[in-house]
Structures are given as structure tokens and as C-alpha cells.
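What follows is one structure encoded as C-alpha cells, with my remarks underneath.
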Number of protein chains: 2
Amino acid sequence: MDKENTYYGVKEIARRANVSIATVDRVLHNRSGVSEKTKRKINDIIKELDYQPNILASRLASKKIISLAVLIPRVSEETDFWEAPMKGITRADSEIKKYGVQVTTFYFDLNDPATFNEQASAILDGHFKGVLLAPSFIEESRKFVRACREKKVPFVFIDSDVPDEDNLCYIGPHLFQSGYVGAKLSTYRLKEKHKVAVVNISKETDSYNYLQIEEGFRSYFKDHNLPIEIIRIDIKDTDSLSVTRDLTRALHQHDDIEAIFVTNSRVFSVAAFLEKSKRTDISLIGYDYLKENIAYLNKELIDFLICHKPEEQGYRGLMALYQTLVLGAPVEKTHFMPIDIVTKENQAFYQN
Amino acid sequence: MDKENTYYGVKEIARRANVSIATVDRVLHNRSGVSEKTKRKINDIIKELDYQPNILASRLASKKIISLAVLIPRVSEETDFWEAPMKGITRADSEIKKYGVQVTTFYFDLNDPATFNEQASAILDGHFKGVLLAPSFIEESRKFVRACREKKVPFVFIDSDVPDEDNLCYIGPHLFQSGYVGAKLSTYRLKEKHKVAVVNISKETDSYNYLQIEEGFRSYFKDHNLPIEIIRIDIKDTDSLSVTRDLTRALHQHDDIEAIFVTNSRVFSVAAFLEKSKRTDISLIGYDYLKENIAYLNKELIDFLICHKPEEQGYRGLMALYQTLVLGAPVEKTHFMPIDIVTKENQAFYQN
DNA sequence: TATATTTACGGGTACGTACCCGAAATCAAA
DNA sequence: TTTGATTTCGGGTACGTACCCGTAAATATA
């Protein structure tokens with residue numbers, strides 16, 4: 001019932017090389033103060049024994065902290081969506097800080113890519129060992145993570161993915177499938193007119209994020225041979241005035257729209273518009289368990305909300321970094337979150 | 001750059017309770033030798049401080065080994081599929097044995113549920129801390145894992161899932177989707193006759209496993225409105241004579257079958273039959289990167305093989321147990337493996 | 001050659017927990 | 001009261017690695 005003793009550690013290496021443990025340690029961390037000759041001898045023994053350090057002991061003895069950076073949008077008046085991932089991040093932080101992990105969070109403004117760049121370069125300056133980020137701005141994120149890669153700093157994406165970057169992992173929704181689900185829900189109250197709108201309220205109109213969702217959305221109708229016209233509405237300014245203006249125009253142009261699918265959490269602003277303009281006949285589907293959204297869900301202005309467990313995204317994102325950097329354990333490259341459907345009826349029980 | 005000291009460990013508990021570390025330790029592991037009074041005092045402080053043990057230090061100091069059991073099919077002459085998961089299991093074992101994990105593997109005969117039961121009860125007798133199993137026989141597995149749950153022994157499924165059991169996680173294919181992919185590949189050479197066969201060569205004809213795959217298979221044709229007749233062929237005996245007999249009869253009855261989809265790795269026996277009976281006109285799709293299957297793939301008797309990274313299943317299955325039991329880190333409940341498509345052209349480069 | 005400086009290395013302690021061993025305190029039996 | 005058994009507890013070491021500090025040896029400078 002006891003551990004076997006076939007494991008060779010620094011002690012055995014030191015014994016074989018006729019040196020002290022301290023010298024072996026110097027070689028292992030290539031610190032100075034070892035002659036070339038003994039260094040070579042020790043390295044040979046390390047290779048011969050295929051020495052694998054005991055990470056548990058290593059972390060325990062180390063006084064160094066592993067500092068991680070988090071780069072996510074600031075909670076703004078417009079949306080408090082990022083409160084949830086932040087909660088998960090905080091929970092993970094409190095769990096792993098006793099193992100020498102320190103988390104610093106940097107916030108950017110979703111309406112201003114420049115703030116993303118500022119914070120990103122701040123992260124690059126403060127030498128962090130790992131980065132968790134929401135790649136809300138694709139090109140800016142690409143630039144940033146390439147710099148990370150050059151510094152050999154692993155990075156994790158949450159909320160949305162950036163394809164073909166060498167990220168440690170992605171934790172978030174399968175965007176295409178999420179759009180697909182959104183489409184199915186959009187047909188829920190469809191009668192005869194057969195027009196649905198897909199609304200993108202965002203500064204970044206052609207983000208990979210959005211394109212994936214829209215593609216999934218359209219695929220549903222194609223796969224099911226539904227002869228439905230899909231109206232795409234882009235709203236570049238996120239304030240409620242712009243939303244009202246653009247939606248008024250669009251609904252004027254297409255007065256027979258039966259359902260609106262909003263591709264992100266700003267569905268509440270569409271709901272507000274529908275409420276004011278008394279268009280409760282239009283079915284509304286959108287994203288995320290925000291207070292405003294839930295309010296409109298309860299008022300039956302929103303029919304369905306799709307949620308991707310944002311708290312868990314934050315939690316698992318940090319834990320993924322912890323697992324590689326501290327525990328040395330492998331991590332799945334992709335963690336797709338559930339695509340949860342929240343309605344007026346089940347919302348009270350939802351675990352965000 | 002140094003660890004902060006806000007962490008309260010056993011030392012602090014001991015100090016506050018005016019006892020020694022050893023006594024605190026006794027309470028933590030509810031060993032005997034502590035009076036009720038001090039036990040209560042210590043427990044109060046533990047609760048007050050919300051003490052979380054340092055798992056790294058705990059594992060390092062502990063002389064106890066954590067023994068895990070693995071229950072998978074024996075590599076038989078019929079199929080060497082389980083060599084791959086075994087390789088992954090061995091790899092994981094060699095990585096984690098230095099942290100006090102010991103793995104014992106139990107093998108059962110895929111043709112004999114009784115051997116499963118024997119091995120299962122052997123596992124229940126030898127008190128293991130975690131179990132990794134391939135639930136090839138559903139009902140037998142159900143019985144087994146319920147016994148595990150009662151003993152509070154976590155268990156992990158690989159290769160196929162058993163729904164609604166309280167498993168730590170499942171690591172394997174999305175069976176429905178895998179059948180769906182199989183269906184798509186079955187249409188690859190389809191001409192006009194529009195008949196495909198789905199062949200299940202297994203003792204366990206109605207396994208959850210198989211039903212899921214078949215459901216996915218059928219869904220593809222339904223989703224794409226393909227007016228294709230699907231012939232279901234059950235072959236209960238896995239020897240080549242039975243396969244030949246049953247297939248001969250089936251092909252006689254349906255002489256216009258254009259494609260055959262075999263729902264498991266025994267596709268080579270169908271390939272052998274097609275070769276003998278010179279029916280190279282029939283498209284053949286099946287599972288798993290076995291030597292025999294690859295040979296028939298190269299002979300162009302098999303068109304496609306679908307693979308689910310069996311080696312990784314074994315590896316990740318064990319690592320999942322390691323992560324919960326040793327590292328105390330959370331584990332995703334479901335790890336869907338890739339549904340890889342292997343052809344004659346790409347097989348040489350496939351990473352099983 | 002004497003002294004200062006640098007290089008190379010070993011001793012030893014710490015990390016937080018587990019657990020062995022011995023000893024004091026309490027209790028039971030005589 | 002004495003002896004023995006039992007309960008209750010503390011000291012101290014070990015796990016494998018990191019790293020501080022001191023020192024002998026090698027080298028440089030006078």
C-alpha cells in the first residue's frame with residue numbers, strides 16, 4: 001500500500017554525479033555557478049534517467065508566483081454580461097492562489113479597440129506567465145496573441161474563438177451551432193409571412209464571431225428547406241437611439257418580419273424598441289442572461305434567450321492555464337459550452 | 001514576486017486551538033485519539049477559516065498510493081482495437097505513477113458478459129479509488145457502476161456512454177453524430193438503386209451504443225430527404241462463418257444494396273466477405289484503425305474508416321481520474337472525441 | 001607572494017502535510 | 001495506593017524540490 005521507490009529524483013542524480021543536490025538544481029534551472037564539465041555530466045545523467053521533476057514538490061518549494069493576466073471587456077452601463085465570467089475568474093482565483101497563482105485583470109472598452117490595444121501591450125510589458133482573453137476584436141487579438149506566442153506565453157480564448165492561432169484552448173460556445181439553435185427558436189411563432197431578421201448590434205460588424213452565428217442561423221433554414229427570407233440588419237452604433245433609428249427603418253422597409261434574432265446580448269435594446277413601438281407580434285430571440293434581458297423575457301417581449309454558461313467560461317479558462325502551468329497536466333484544445341435555452345418559464349432556475 | 005502569506009494551513013489551526021499539528025491532522029482525517037472536546041474546537045476553527053488543504057503538499061507527504069482500476073475488453077484474435085486505448089492508459093500510468101497512482105487493468109471477453117461480471121466484482125473487492133471502464137455491456141455496466149457509486153468510487157466511461165449514470169465523465173465519440181457522418185460517407189458512391197445496409201456485428205444487438213449510431217445514421221437521410229431504403233442486418237455471432245452466412249442471405253434478399261455501413265470495428269469481416277464474393281461494387285464504411293481494416297482500406301474494399309482517437313480516450317480517461325483524485329481539479333463531464341475520417345489516401349498519416 | 005575577486009559547489013532549511021513514536025494524562029483494576 | 005491499560009496528545013522527521021548562505025578553490029590583481 002506504500003509508494004514504490006523506483007522513482008529517481010534530484011537526489012539520485014546528485015549521488016550519481018558526485019555533486020550536491022544544489023548543484024543539480026542549478027543545472028536543472030540553468031542558473032550560473034556550475035562548471036561546464038560538471039554541467040555536462042549532470043545533463044547526461046538527467047537524460048539517461050529521463051528525469052521528470054515532481055511538479056507537486058516543485059510548486060510547493062517554489063517561492064515564485066505564477067502571474068496570469070486576464071483581458072476582458074469592462075462591465076459597462078450598456079451591458080453587464082462580463083460580470084458572469086468575472087465571477088468565474090474570481091472563483092478560480094481564490095481556489096488556486098494558494099498554489100502561487102496571482103491573477104491580474106485588465107479591462108477594455110467594447111466600443112473602443114484602442115483600449116484593447118493599450119491593455120494588451122500593458123500585459124506584454126508586465127511579464128505574465130499566461131493570458132486569458134476574450135478576443136472581441138479579431139485583428140487586434142491576432143496581433144496580441146502572436147506577440148504572446150513569440151514570448152512563449154500560453155493564452156486561452158473565452159466567449160469566442162479565433163481560428164488558427166496556436167491557443168492553449170478555447171472555452172466557449174460552438175458559434176455555428178448556437179446560431180442554428182437560434183434559427184430553430186425563431187421559427188417557434190412563425191406563421192405565414194416568412195420573413196425573419198438577423199440583427200447584429202456591434203461596432204465590429206464582420207467579426208468571425210458574428211459570421212459563424214449567422215452561418216449557423218442560415219444553415220438551419222437551408223437544411224430544413226424553409227423558404228424563408230432572411231433580412232440582415234447591421235447596427236454599428238450600440239446606443240438606444242441608433243438602434244431605434246435603424247430598426248424603424250428596417251421594419252418600415254420589411255413590414256412583414258415575424259421574428260428577430262439578435263446575435264449578441266444587446267437584445268434588450270431591441271426589446272425596448274419593440275415595446276415602445278408596440279410590436280409584440282414579433283418573436284424575439286437573443287443572447288445572455290442579463291438583468292435587462294430577463295426583465296423583457298418576463299414581459300414576454302423576448303421569447304428565448306440563449307446562454308453559454310459565461311461564469312463557467314471564466315472559471316474553466318483560468319483553470320486551464322493553472323493546469324498547464326502549475327500542474328503540468330494536459331488540456332483539451334476545445335471546450336464547447338452548453339447552448340442553453342432560457343425562457344420565461346425556466347429562467348428562475350437557470351444556472352448562469 | 002513571492003507568494004503571499006494570507007493562506008491559513010494546519011499550522012494556523014493548531015496555533016489557534018492550542019494543540020499540535022499532529023492533532024489537527026488527526027481531526028482532518030478523522031483518525032482516533034482525539035477527545036470530543038478538542039475535536040469540536042478544531043472543527044470549529046476549520047470551518048471558521050474555511051480551511052482548504054494544500055493538495056500538492058498532501059500528496060507529496062502521503063505515503064499512500066491511489067489505486068485505480070481499468071476494465072476494458074481483452075485484445076483478442078478477432079480484434080486488436082483495444083490495443084490503442086491500452087497504449088494511452090499505459091502512457092498516462094507512466095506519467096502519474098510518481099504521484100502515487102497505481103493502475104491495475106482487468107480484461108473481459110467481448111463475447112462473454114459473464115467475464116465482465118467476474119472482473120467487475122474483482123474490482124469491487126479490491127478497494128480501488130477510481131475506475132475507468134468501457135461499458136460494452138450496458139446492463140452489466142449499470143449494475144457495476146451503481147455498486148461503485150455506493151462505495152463512492154468515481155468512474156469514467158470511455159468508448160461508449162451509459163446515459164444517466166452518475167459518472168465522473170465520458171470520453172468518447174458523439175455516437176449519434178458519428179452515425180450521421182457514416183451516413184454521409186455511405187452516399188459517396190451511391191448511384192440509383194438507393195438501398196444501403198447498416199450492419200451490426202455484435203453479441204449485444206440492442207446496445208445503447210448501437211442504437212445511437214443507427215439513429216444518427218438514419219437521421220442523415222431523413223434530414224436530407226433522401227428516399228433511401230435502409231436495411232438493418234443484425235449478426236449476432238462474430239465469427240467469419242456467421243458473418244458470411246448472414247450477409248449472403250441478406251444480399252440475396254436485397255440484391256440492390258449499394259453501400260454497407262458497419263457500426264463497429266468488425267468491418268474487416270464484411271470486407272473479407274465482399275472480397276470473396278467479388279462484390280467490389282458495394283461501398284463499405286466502418287470503424288477503427290485496425291491493421292486488418294487498413295489492409296482492406298488499401299485494397300479499396302473499404303472506402304472509409306471512422307476513428308475516434310482510441311489512444312487518447314485511454315489516456316484522457318485515466319488523467320480525468322488523476323485530476324479529481326490527486327489534483328482535486330474539476331473535470332468536464334463530457335469529452336467528445338473527434339470523428340476522424342480515414343481513407344486510403346490519408347491513412348498513412350493518421351494519428352490513432 | 002600576498003591580497004582581492006570570482007567561480008564552483010555543499011550544507012541546510014523551508015514549503016504544507018502525513019504519520020511514526022514516545023510520553024503524559026487519565027482511567028481501570030488490583 | 002500501586003500497577004497496568006488506555007486515551008490523548010506533541011515532537012519530529014519525511015516527501016522532493018527550491019534556494020539562501022557560507023566557504024573552499026581557482027583566478028586575477030597588487
Side-chain angles (χ1 to χ4, degrees), chain A residues 1-43 46 49 51-66 96-101 326-328, chain B residues 1-43 46 49 51-66 96-101 326-328:
Chain A
M1 208 47 177
D2 276 9
K3 279 185 196 171
E4 37 189 338
N5 274 337
T6 53
Y7 175 69
Y8 296 129
V10 279
K11 206 177 336 187
E12 176 66 14
I13 298 172
R15 199 187 58 79
R16 296 198 184 197
N18 281 320
V19 294
S20 73
I21 291 176
T23 301
V24 174
D25 190 66
R26 273 185 273 266
V27 173
L28 282 171
H29 299 85
N30 54 291
R31 260 180 274 123
S32 62
V34 186
S35 71
E36 275 304 318
K37 202 180 60 180
T38 53
K39 185 190 276 190
R40 221 171 315 115
K41 181 161 59 165
I42 290 172
N43 271 323
I46 287 172
L49 258 48
Y51 168 72
Q52 303 288 113
N54 185 320
I55 304 169
L56 273 53
S58 172
R59 278 312 300 163
L60 181 62
S62 175
K63 299 188 111 48
K64 287 226 189 69
I65 64 147
I66 288 183
I96 60 184
K97 83 166 152 239
K98 67 166 168 287
Y99 302 118
V101 179
V326 178
L327 304 180
Chain B
M1 207 47 176
D2 275 9
K3 280 185 195 173
E4 36 189 338
N5 274 336
T6 55
Y7 175 70
Y8 297 129
V10 280
K11 207 178 336 190
E12 175 66 14
I13 297 172
R15 199 187 58 78
R16 294 198 186 198
N18 282 317
V19 295
S20 73
I21 290 176
T23 301
V24 174
D25 190 67
R26 273 185 273 264
V27 173
L28 282 170
H29 299 86
N30 53 290
R31 262 180 272 123
S32 62
V34 185
S35 71
E36 274 305 317
K37 202 179 60 179
T38 53
K39 184 189 275 188
R40 221 172 313 116
K41 182 162 56 165
I42 290 172
N43 272 323
I46 287 173
L49 258 50
Y51 167 71
Q52 303 288 113
N54 185 319
I55 304 168
L56 274 54
S58 172
R59 279 312 300 164
L60 181 62
S62 176
K63 299 188 110 52
K64 286 227 190 70
I65 63 148
I66 288 182
I96 61 184
K97 81 165 154 241
K98 67 166 167 288
Y99 302 119
V101 179
V326 178
L327 305 179

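Values below: all heavy atoms of this structure, side chains included; hydrogens, waters and symmetry mates excluded.
Taking CD of A:Q52 as the reference point, atom OH of A:Y7 lies at 7.5 Å (rounded to 0.5 Å). Atom NZ of B:K39 is separated from atom OG of B:S32 by 8.5 Å, given to the nearest 0.5 angstrom.
Direction of the helix axis in the helix from C:dT1-D:dA30 to C:dC27-D:dG4 shifts by 50° between the two five-pair termini, rounded to 10°.
Under the side chain to side chain contact (heavy atoms under 4.5 Å, CB included) criterion, A:L49 pairs with A:Y8, A:E12, A:I13, A:R16, A:I45, sequence neighbours left out. For B:T38, the side-chain hydrogen bond (donor to acceptor under 3.5 Å, both in side chains) criterion is met by B:S35, not counting sequence neighbours. The side chain to side chain contact (heavy atoms under 4.5 Å, CB included) test applied to B:I66 returns B:R59, B:L68, B:K129, B:L325, B:V326, not counting sequence neighbours. Considering only residues two or more places apart in sequence or on other chains, B:I21 meets the side chain to side chain contact (heavy atoms under 4.5 Å, CB included) condition with B:V10, B:K11, B:A14. Remark: B:D25 engages B:H29, B:R31 in a side chain to side chain contact (heavy atoms under 4.5 Å, CB included) (not counting sequence neighbours).
Within residues 51-58 of chain A, the residues approaching DNA chain D are A:Y51, A:P53, A:N54, A:A57, A:S58, by heavy-atom distance under 4.0 Å. Within residues 33-42 of chain A, no residue has any heavy atom under 4.0 Å from DNA chain D. Of all the residues in residues 15-31 of chain A, A:A22, A:D25, A:H29, A:R31 reach under 4.0 Å from DNA chain D with at least one non-hydrogen atom.
To the nearest angstrom, C1' of C:dG16 lies 16 Å from OH of B:Y8. Nucleotide C:dT13 holds its P atom 17 Å from the CG atom of A:L60, rounded to whole Å. Atom pair B:Y99:OH and D:dC15:C1' shows a separation of 13 Å (rounding to whole Å applied). Here D:dT17 presents its C1' atom at 16 Å from CG of A:L327, a figure rounded to the nearest Å. Rounded to whole Å, the distance from CZ on B:R59 to C1' on C:dC15 is 17 Å.
In this structure, B:K64 reaches the C:dC19 phosphate: one of its side-chain N or O atoms is under 4.0 Å from OP1 or OP2.
Between B:L60 and A:L56, the closest heavy-atom pair is N-CD2, 4.5 Å. Here the closest non-hydrogen pair linking A:I55 and A:G328 is CD1-CA, 3.9 Å.
Here the side chains of B:I46 and B:N43 are in contact, with some heavy-atom distance below 4.5 Å.
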